[in-house]
Peer 1: 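Please read through the structure below; I'll follow up with questions.
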Amino acid sequence: MRYIKASFFILLTILLVYALNRTWGVVPAFGPLLSPFVGFWQNAETTEAADEELILKGTRAPVTIVFDDLAIPHVFAENDRDAYFAQGYLTARDRLWQMEFQTHAAAGRVAEIVGDRALELDRYNRRLGMGFGAERSVKAMLTDPRSRESVEAYTAGVNAYISQLSPAQYPLEYKLLGYKPEPWQTIKCAYFLKYMSGVLALGADDLNMSNVLRRIGPAATADLFPDYPFREDPIIPVGTSWDFKPVAVPATPPNAFTSSEPLAMKWPDHDPAIGSNNWAVGPQKSATGYPILANDPHLSLSLPSIWYQMQLVTPTMNVYGATMPGAPGVIIGFNKQVAWGVTNVGADVLDFYQIRFRDASQREYWHDNRWKPVTRRIERIKVKGQADVIDTVLYTHHGPVMYMAGQKPFAKNVPVGYAARWIAHEESNDFLTYYLLDRAKNHADYREALRYYGAPAQNFVFADVARDIAISPNGRFPLKWKDQGKFLLDGTNPAHDWQGWIPAAHNPHVKNPPRGFVSSANQSSTDPTYPYYINWQFAPYERGVRINQRLARMKQATPDSLRQLQNDNMNVRAANALPVFLNYVQPQKLTGQQSNALAVLKAWRYNNDVSEIAPTIFTEWTRQCMEAVWNDNFPSNDSTTLRYPSFDRTLQLAEKDPGANWFDDVNTPARETINDVLTQSFRAAVDSLTRQHGPLGTSWQWGKHKATRISHLARLDALSALNVQIGGGGGIVNATTERTGPSWRMVVALGPKPRAYGVYPGGQSGNPGSPHYLNMLETWRTGQLNELLFLLSADEKHVRIRRRVTIK
Amino acid sequence: MRQIIAIAVLSLLVQLVFPWWSLAVVSFAVCCWRSPGAGRAFLYGFVGVGIVWLLYALMIQLRTDGVFVGRMSELLFRTNGGVLPVLVTTLVSGLVGGLAGATGFFVRQASGNQIENRIS
């Protein structure tokens, strides 16, 4: 009996320890997590104040790091290698979980951490060829000695941090999810780039457009989905002459735009609110006579912060700016002579090809009048708590076959596959561009740096102390016939292949335009006179035109004038649309509440400020209006997905062709007019908002309705910033929407010594237990900027310097 | 009392080096060495181990501003407050320590030397 009791209690104790020592699905391992010795308590940090000396044995000479009051490191190294080593080390110290998680995501390795609920995501990333692309990129990176040194030193720095970590020091997320960091590898830097390409260069409407074409035919498609918008203000100012002799563009093949089967392939929507602003004002517009440059990249706002500020000083450079955890060097920043920034181009660099296989074995496919071999890539996906999943991905010369139509195991017909041709599969050394920009001294250096850049294509804005300003939509662009890839392409026809590249020197660019400023906000790169095809659609023009209007009027600009422009809340879409739309609303058909809402809209000055009610009504109305006008003509269902024409085209119809048949709802026998559509959608919008927020009142305010959210990467609300009260919105210069917004704001005034300002919604530390996790949020929310401390030497005295760390 | 102090001091020391569950080994060993009954052994283990986690957690919470502990409370227990994390932390460790302590007693009983030390 005694033995049974003793054995029972031994077993019970062991079971309890076991149960507390492991994760159960999403439930963390409470034992180690709650332990004050190793658990989350250990992640509670206080502000570090003491100087420190770290013996890492990874640098050639001692490196001094000066931390300022925002915990931003300023690295002083005697050689480049040591600087990148320190960058890797410091980034890992503040952001290890984030950098590993993002590269795991790109590599299709999330199921390894969270189990089978991430399996589809992993499969998607692998079928997209992320690994294939990363392997090619890392090869290019390691070929050039400059990028090789930076990537390898950065990797060594990250590993120097990981190797001396004890489990108690693991970032919180490892403790919550129950895994541990693995050594960093150079290919992870490439995976990070692919991750960014995935965010910025995966827009593809090819399939929806092919379905649209099938439904309404080529003439109506060309009419409703034009290649250049009704209202536009392109990045390269209209009238700029092209300083090159264009190379021959491949001829458009006959029957290029006839589509066959209706297509059911699901392509995840890519958020149109992901875009950015940048601009530079020339000497004639600036108070000091030196250019001033501004940039705010808009991304899905997330925590830990997307960017990590750093200054890197070596004999070859002194650069300050925003780095990205996972990539060596500064991505957006400035040095003594130059400043630069980026916005996304949105080029059509992802196309889908219909593949005709020879038979069900899928070993050969038809191209250029012969059968060509399919290569296979085995993807082994590890799944937490389960057996590995093996996925075989078929590769054609176009790229990986992402989807198979009619993928039924016993289908008799030979399946048709869709292969993805994507720019991120190309070998390219994008880091070299940033390496060179970090050291650039003038406009010629900037032009040289841009030559190496592949993807995701960016509008690189530039200003220097020699008083030059410039901008260039830049990246590797396939040399396409007009509208190639607007619709699905034929994978059997070599005329549909990408046939070379637009020469880098022919990428659109402008230097010192007569208007005295350059700018971009993801709108059309050029007007239709540009001799090459980049894409048929770009982000709507509203942010761009607002920026240009204000810059055109600006005189004696200071950094503060540019900061104010970054926070501009003018709703250009409303200013264009309301004077037209309001004419068609029939007031006699509105209830009391609806009439009150109409009165609010009529009194509005088109500002998306945080306490305005009109933006809430306008946004919901335009959404309902687009549905009402187009859903009957372009209904999506499980087997076919279509898309709607742009808002720009819809507004053009309302202005120029209000009698168009498109306003009729084809599903009703009656003939609806534009009056009916706009009145009905207005009523629906007000009713929907009433259901959501109660009667018209302060609960309808834009800030409350929008409730901007900065979400933790693992989607943990408790570690996120919720309901951030801020104005702006989609299509507004202050592009803060529900989930997306300015992930970094920077203003740099060039001069004898550059003066720069910046902020991001978060903080330097990725540790939710650090005082520097969210300490910049309020500054960001209120539209303020912190001065960026640009130090010239490690010994420089400044009140904002907090401590020094030496790495030996 | 001696046992509680022994468990507290020893479990603190081993946890500086070994994984968190080493506290169970300490509580087990001490109660196997000396414990008058299952209930008392559980109490020794619970208090000896729990007091260390309680004081360490409190110390960390007081040293930092408590914002983070509030976030963790939100994350783990869906309510924002500083009390619950400390309480649960103490309870979890106490439960393991106590159970290990009781096990220590029963093993001691099974090995037949419980009578001699009953009074200690």
Side-chain angles (χ1 to χ4, degrees), chain A residues 1-22 26-47 166-168 172-173 175-176 303 712 714 716-722 765 767-771 773-775, chain B residues 11-12 14-25 27-28 38 45 52-61 63-76 78 80 85-86 88-93 95-96 98-112 114:
Chain A
M1 184 61 201
R2 286 198 231 151
Y3 293 105
I4 296 174
K5 233 184 198 172
S7 312
F8 174 74
F9 269 83
I10 290 174
L11 198 69
L12 198 63
T13 309
I14 289 175
L15 270 178
L16 180 66
V17 167
Y18 170 78
L20 287 169
N21 200 42
R22 58 160 288 181
V26 292
V27 179
F30 272 97
L33 182 66
L34 291 177
S35 163
F37 291 86
V38 293
F40 76 81
W41 299 97
Q42 286 289 323
N43 297 83
E45 281 177 17
T46 51
T47 307
S166 68
L172 178 70
E173 293 87 347
K175 298 178 183 177
L176 287 172
L303 289 167
H712 183 271
L716 301 170
D717 281 357
L719 308 181
S720 309
L722 305 179
S765 176
N767 175 15
S770 161
Y773 181 63
L774 264 176
N775 60 325
Chain B
S11 73
L12 190 156
V14 294
Q15 286 185 83
L16 294 177
V17 185
F18 296 104
W20 71 278
W21 48 262
S22 57
L23 60 84
V25 178
S27 175
F28 169 84
V52 174
W53 278 35
L54 172 69
L55 291 178
Y56 197 178
L58 274 180
M59 193 187 91
I60 290 171
Q61 190 174 21
R63 208 183 51 203
T64 57
D65 57 4
V67 173
F68 172 57
V69 177
R71 280 185 183 277
M72 288 309 295
S73 176
E74 188 83 52
L75 181 69
L76 299 174
R78 305 260 172 261
N80 195 325
V86 177
V88 175
T89 294
T90 312
L91 278 178
V92 164
S93 67
L95 210 60
V96 175
L99 201 58
T103 307
F105 168 77
F106 285 119
V107 168
R108 169 190 172 80
Q109 197 180 43
S111 57
Q114 80 278 17

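Sequence lines set the chain letters: A, B, ... in the order given, protein chains first and strands last, and positions in each chain run from 1.
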Peer 1: So which part of Val86(B) gets closer than 4.5 Å to some heavy atom of chain A, the side chain, the backbone, both or neither?
Peer 2: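 Both parts, backbone and side chain.
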Peer 1: Which residue in the set Leu91(B), Thr90(B), Val92(B) passes side-chain contact (heavy atoms from CB on, under 4.5 Å) when paired with Leu34(A)?
Peer 2: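 Output: one option passes, namely Val92(B).
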Peer 1: Under the side chain to side chain donor-acceptor pair (under 3.5 Å) rule, collect the residues that match up with Arg63(B), sequence neighbours excluded.
Peer 2: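 With sequence neighbours excluded, Arg63(B) shows a side chain to side chain donor-acceptor pair (under 3.5 Å) to no residue whatsoever.
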Peer 1: Could you look at Ile4(A) and say if it's the side chain, the backbone, both or neither that has a heavy atom under 4.5 Å from chain B?
Peer 2: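 For Ile4(A), neither part sits under 4.5 Å from chain B.
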Peer 1: If you count heavy-atom pairs under 4.5 Å with chain B, which of Thr47(A), Thr13(A), Leu176(A) comes out on top?
Peer 2: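 Among the listed options, the one with the most contacts to chain B is Thr13(A).
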Peer 1: Report the residues that fulfil side chain to side chain donor-acceptor pair (under 3.5 Å) with Ser11(B), sequence neighbours left out, ordered by chain and then residue number.
Peer 2: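 Testing Ser11(B) for side chain to side chain donor-acceptor pair (under 3.5 Å), a comparison that skips the adjacent residues, returns none.
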Peer 1: Heavy-atom distance under 4.5 Å to chain B: side chain of Leu774(A), backbone, both or neither?
Peer 2: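 Contact with chain B is through the side chain of Leu774(A) alone.
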Peer 1: Carefully, step by step, assess Asp717(A) and Arg78(B) under the rule side-chain contact (heavy atoms from CB on, under 4.5 Å).
Peer 2: CA-CA 10 Å; Asp717(A) 281 357; Arg78(B) 305 260 172 261; over 6 Å; no
Peer 1: How long is the span from the CZ atom in Phe105(B) to the NZ atom in Lys5(A), to the nearest 0.5 Å?
Peer 2: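 That separation rounds to 7.5 Å.
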Peer 1: Which value, rounded to the nearest 0.5 Å, describes the distance between Arg71(B) atom CZ and Tyr773(A) atom OH?
Peer 2: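 The CZ atom of Arg71(B) sits 6.0 Å away from the OH atom of Tyr773(A).
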Peer 1: Is Leu76(B) close to Leu33(A) at the side-chain level, that is, under 4.5 Å between some pair of heavy atoms?
Peer 2: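 SC-SC contact between Leu33(A) and Leu76(B) confirmed.
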Peer 1: With a 4.5 angstrom heavy-atom cut-off, could you sort out which part of Pro771(A) is near chain B: side chain, backbone, both or neither?
Peer 2: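 For Pro771(A), there is no contact with chain B at all, as no heavy atom is under 4.5 Å.
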Peer 1: Would you mind reporting whether Trp21(B) and Asn21(A) have side-chain heavy atoms less than 4.5 Å apart?
Peer 2: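 Side chain of Asn21(A) against side chain of Trp21(B), heavy atoms only: contact under 4.5 Å found.
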Peer 1: Could you have a look at Ser770(A), Gly39(A), Ala44(A) and say which one has the most heavy-atom pairs with chain B under 4.5 angstrom?
Peer 2: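 The option with the most such pairs is Ala44(A).
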Peer 1: Given heavy-atom pairs under 4.5 angstrom as the criterion, report whether the side chain, backbone, both or neither of Thr64(B) touches chain A.
Peer 2: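 Contact with chain A is through both the backbone and side chain of Thr64(B).
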Peer 1: Which answer fits Leu16(A), side chain, backbone, both or neither, if we ask what part of it has an atom under 4.5 Å from a heavy atom of chain B?
Peer 2: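 Only the side chain of Leu16(A) comes within 4.5 Å of chain B.
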Peer 1: Answer with side chain, backbone, both or neither: which region of Pro19(B) has an atom nearer than 4.5 Å to a non-hydrogen atom of chain A?
Peer 2: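 Neither part.
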Peer 1: Please classify the contact between Leu172(A) and chain B as side chain, backbone, both or neither, with a heavy-atom cut-off of under 4.5 Å.
Peer 2: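 The answer is the side chain of Leu172(A).
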Peer 1: Can you classify the ring geometry of Phe68(B) versus Phe40(A) as parallel (below 30°), tilted (30 to 60°) or perpendicular (above 60°)?
Peer 2: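 Correct class here is perpendicular.
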Peer 1: With the side chain counted from C-beta on, respond yes when Leu716(A) and Glu74(B) share a heavy-atom pair under 4.5 Å apart, and no when they do not.
Peer 2: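 In short, these two side chains do not touch, never coming nearer than 4.5 Å.
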Peer 1: Just do the side-chain contact (heavy atoms from CB on, under 4.5 Å) check on Leu12(A) and Leu99(B) with the steps written out, would you?
Peer 2: CA-CA 8 Å; Leu12(A) 198 63; Leu99(B) 201 58; 3.8 Å; yes
Peer 1: Compare every heavy atom of Val69(B) with every heavy atom of Trp41(A), then report the nearest pair and how far apart it is.
Peer 2: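 Reported closest heavy-atom pair: CZ3-CG2, 3.7 Å.
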Peer 1: Could you look at Val67(B) and say if it's the side chain, the backbone, both or neither that has a heavy atom under 4.5 Å from chain A?
Peer 2: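 Neither part, no heavy atoms under 4.5 Å.
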Peer 1: For the pair Phe37(A) and Leu12(B), evaluate side-chain contact (heavy atoms from CB on, under 4.5 Å) and give the outcome as yes or no after the intermediate values.
Peer 2: CA-CA 9 Å; Phe37(A) 291 86; Leu12(B) 190 156; 4.2 Å; yes
Peer 1: On a heavy-atom basis, which atom in Tyr3(A) and which in Ala110(B) lie closest, and how many Å separate them?
Peer 2: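 Minimum heavy-atom contact is OH-O, 3.5 Å.
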Peer 1: Does the side chain of Trp20(B) come within less than 4.5 Å of Val17(A)'s, by heavy atoms?
Peer 2: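 In contact.
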Peer 1: So how far is it from Leu75(B) CG to Leu719(A) CG, rounded to the nearest 0.5 Å?
Peer 2: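 Rounded to the nearest 0.5 Å, the CG-CG separation comes out at 5.5 Å.
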